[in-house]
Amino acid sequence: MKDLSGMFNEFMEAKPLFSNRKALTISFDPDNIPHRDKEIELVGRMLAPALKGGKPSNLFVYGKTGTGKTMVCRHVARELQRIAGDKINIRVIYVNCKMKQADTEYRLLAFLINSLGGSVPFTGLPTDKLYQDFFALIDKVDQTIILILDEIDSLIKKNGDEVLYILTRQNQEFKKAKLSMIGITNDLGFINKLDPRVRSSLGEEELIFPPYNAMQLQDILRERSKIGFENESVEQGVIEKCAAYAAQEHGDARRALDLLRVAGELAERTGVKQVETLHVDKAQEKIDEDRVIEIVKSQPRQSQLILFSIFNCSGTQRDLRQKTAYVQTADIINTYQGLCKHYRMKPLTQRRVSDLIAEYDLFGIITTKVISKGRYGRTRTVELNLDEDIKQKVEVALREIFN
DNA sequence: GTCAATTCACATGAAAGAGACCACGGTCTAGTG
DNA sequence: CTAGACCGTGGTCTCTTTCATGTGAATTGACGA
């Protein structure tokens, strides 16, 4: 007990490193957005007609993760609303299509209706009823609605582009209201996958966000750490290091901020007065680890069992010319079926297992490659894509699940 | 030796089913005045 | 008379199965030099 109270005392006495931890997260909206002046202006121009009661063009925004797309769009939209004030009726609805509440056609509409003050149950109604409700709700008042659809690609991938088609088309039917959309995506090839009709109406304007370079990331981090950290609590070189790491990952500002924040948390936990560069390294490791463990734990049971099979699968060396043994689909399925018997679970079909394996590839936990071995068929080779210590932790987590 | 056909072992696609969840409207039932 | 319980119907959503089609190169076998 003595130790614990000592620890608490120490904790209370230690000077906090953070002054505003929130400033170091992506959800924070800073007043000052460095290196995005041009983009802010362009988005602003696009939306400006709304102030004169016109319909702003639909806009498509591209850019990799952490390039400030979402932040800029929300920022501009908010400013627009502020300037419009009470005189002009502008409403901005921001939806992240990856969120559970909006990742299907039905749920997206339900979300929109709810955020406009209507109320619909989150399941149970036919979809076209929702469309009717939604459009009626919009057209009730003379207003301009700006709909920001973030991560729009995941919506389309799951549900097809029909939603967008209906939404864009509907504008002609409105008597009073106007609806314009901003689609945000990090998939550059996304627009080509769309139905041409949707493409032309939705992609009236396009804007590409370039990635930040290391120097720009540094500016961003300095700006944020001024708000987020107490004075002098960040050692020289820490910001540079975070920026450098994040710049390697295609200039991802989100990553840079995560690094800095987690490094700060680690430093605080160890009770030192300053965030040091070694904390950044630790943060880098911890972020990866947390992400992987999080994914593994949130997977359904069957899927976890398949990953467990991959871990338990030694692979066979069936081709003598191939020096290293590799694991392929058949091995995994064999091991998996064995494990199923052991745990009394009903094994899934090969088709399904194949999909689940591909899913782990998407998460980046494994690397797979489809190879053809000529006469001996075609298969997918699977390799774990984890550092040794993360790998061990995942294995421990899996064993806990299936002990 | 060359070249096209064959063949393997899956990958990949599309469609449809199972089962969970939910809303809505109609009917039944028990409690109340 | 009325509120609440209880159905049946019709809808979405996720996970899965079923059936069908695609695929890339090693191997095979015919062919000609």
In chain order, what residues pass the ring-ring contact (aromatic ring centres under 6.0 Å, His included) check against A:Y212, with sequence neighbours excluded?
-> none
Interatomic distance, A:I357 CD1 vs B:dA11 C1' [rounded to whole Å] | 11 Å
A:E151: side chain to side chain donor-acceptor pair (under 3.5 Å) partners, not counting sequence neighbours | none
Which whole-number value in Å describes the distance from A:Y106 OH to C:dG11 C1'?
-> 8 Å
A:D133 CG to B:dC24 P, straight-line distance once rounded to whole Å | 10 Å
Rounded to whole angstroms, how far apart are CG on A:L130 and C1' on C:dG11?
-> 10 Å
Atom CD of A:Q132 and atom P of C:dG11: how far apart are they, to the nearest Å?
-> 13 Å
Show me the donor-acceptor pairs, under 3.5 Å and distance only, between side chains in residues 290-297 of chain A and residues at least two apart or in other chains.
| from | atom 1 | to | atom 2 | distance (Å) |
| --- | --- | --- | --- | --- |
| A:D290 | OD2 | A:K286 | NZ | 2.7 |
| A:R291 | NH1 | A:F363 | O | 3.3 |
| A:R291 | NH2 | A:F363 | O | 3.3 |

Between CG of A:L108 and P of C:dT12 the distance, given in whole Å, is 15 Å
Might you list the N or O atoms of the protein lying below 3.5 Å from N or O atoms in nucleotides 16-18 of chain C, with each pair's distance?
| from | atom 1 | to | atom 2 | distance (Å) |
| --- | --- | --- | --- | --- |
| C:dT16 | OP2 | A:R352 | NE | 3.3 |
| C:dT16 | OP2 | A:R352 | NH2 | 3.3 |
| C:dT17 | OP2 | A:T349 | N | 3.0 |
| C:dT17 | OP2 | A:T349 | OG1 | 2.9 |

When you compare the protein's N or O atoms with those of nucleotides 2-8 of chain B, which come within less than 3.5 Å of each other, and at what distance?
| from | atom 1 | to | atom 2 | distance (Å) |
| --- | --- | --- | --- | --- |
| B:dT7 | O3' | A:R375 | NH2 | 3.3 |
| B:dC8 | O4' | A:R375 | O | 2.9 |
| B:dC8 | O2 | A:G374 | O | 3.0 |
| B:dC8 | O2 | A:G377 | N | 3.1 |

Of the nucleotides C:dC13, B:dC10, B:dT12, which has the atom closest to the A:V370 side chain?
-> B:dT12
Identify all side-chain donor-acceptor contacts of residues 374-386 of chain A below 3.5 Å with residues at least two apart in sequence or on another chain.
| from | atom 1 | to | atom 2 | distance (Å) |
| --- | --- | --- | --- | --- |
| A:T379 | OG1 | A:T329 | OG1 | 3.4 |
| A:R380 | NH2 | A:S354 | O | 3.1 |
| A:R380 | NH2 | A:S354 | OG | 2.8 |
| A:T381 | OG1 | A:K369 | O | 3.2 |
| A:N385 | ND2 | A:G364 | O | 3.3 |

What pairs with A:K69 under side chain to side chain donor-acceptor pair (under 3.5 Å), at least two apart in sequence or on another chain?
-> none
Letter per nucleotide, 5' to 3', of nucleotides 16-21 of chain B [B base touched, S only sugar-phosphate touched, - untouched; heavy atoms, 4.0 Å] | ------
With sequence neighbours excluded, tell me which residues meet side chain to side chain donor-acceptor pair (under 3.5 Å) with A:R78.
-> A:D29
Any A:Q248 side-chain heavy atom under 4.5 Å of A:R255 side chain = no
Report yes if at least one side-chain N or O of A:T379 is closer than 4.0 Å to OP1 or OP2 of B:dA9; otherwise report no.
-> no
Should A:T104 be listed as having a side-chain N or O under 4.0 Å from OP1 or OP2 of C:dT12?
-> no
Out of B:dC10, B:dA11, C:dT14, which has the shortest distance to the side chain of A:D103?
-> C:dT14
Considering just the side-chain nitrogens and oxygens of A:Q328, establish if one lies under 4.0 Å of OP1 or OP2 belonging to B:dC10.
-> yes
Whole angstrom is fine here: how far is it from OH in A:Y131 over to C1' in C:dG11?
-> 15 Å
Residue pairs fulfilling side-chain hydrogen bond (donor to acceptor under 3.5 Å, both in side chains) with at least one residue in residues 45-62 of chain A, sequence neighbours excluded = A:E41-A:R45
Roughly, in whole Å, what's the span from NZ in A:K373 to C1' in B:dA9?
-> 8 Å
Can you give me every donor-acceptor pair (side chain of residues 131-139 of chain A, partner residue at least two apart or in another chain, under 3.5 Å) with its distance?
| from | atom 1 | to | atom 2 | distance (Å) |
| --- | --- | --- | --- | --- |
| A:Y131 | OH | A:E105 | OE2 | 2.8 |
| A:D133 | OD1 | A:K129 | NZ | 3.2 |
| A:D133 | OD2 | A:K129 | NZ | 3.1 |
| A:D139 | OD1 | A:K175 | N | 3.2 |
| A:D139 | OD1 | A:K176 | N | 2.9 |
| A:D139 | OD1 | A:A177 | N | 3.0 |
| A:D139 | OD2 | A:K175 | N | 2.9 |

Output a table of donor-acceptor pairs, distance under 3.5 Å, between side-chain atoms of residues 342-352 of chain A and any protein atom two or more places apart or on a different chain; print 'none' if there are none.
| from | atom 1 | to | atom 2 | distance (Å) |
| --- | --- | --- | --- | --- |
| A:Y343 | OH | A:F402 | O | 2.8 |
| A:R351 | NH1 | A:D355 | OD1 | 3.0 |
| A:R351 | NH1 | A:D355 | OD2 | 3.2 |

Taking all non-hydrogen atoms of both residues into account, name the closest pair between A:V61 and A:C73 and its distance.
-> CG2-SG, 4.1 Å
Identified side-chain hydrogen bond (donor to acceptor under 3.5 Å, both in side chains) partner of A:E395 from the options A:R399, A:Q392, A:K391 | A:R399
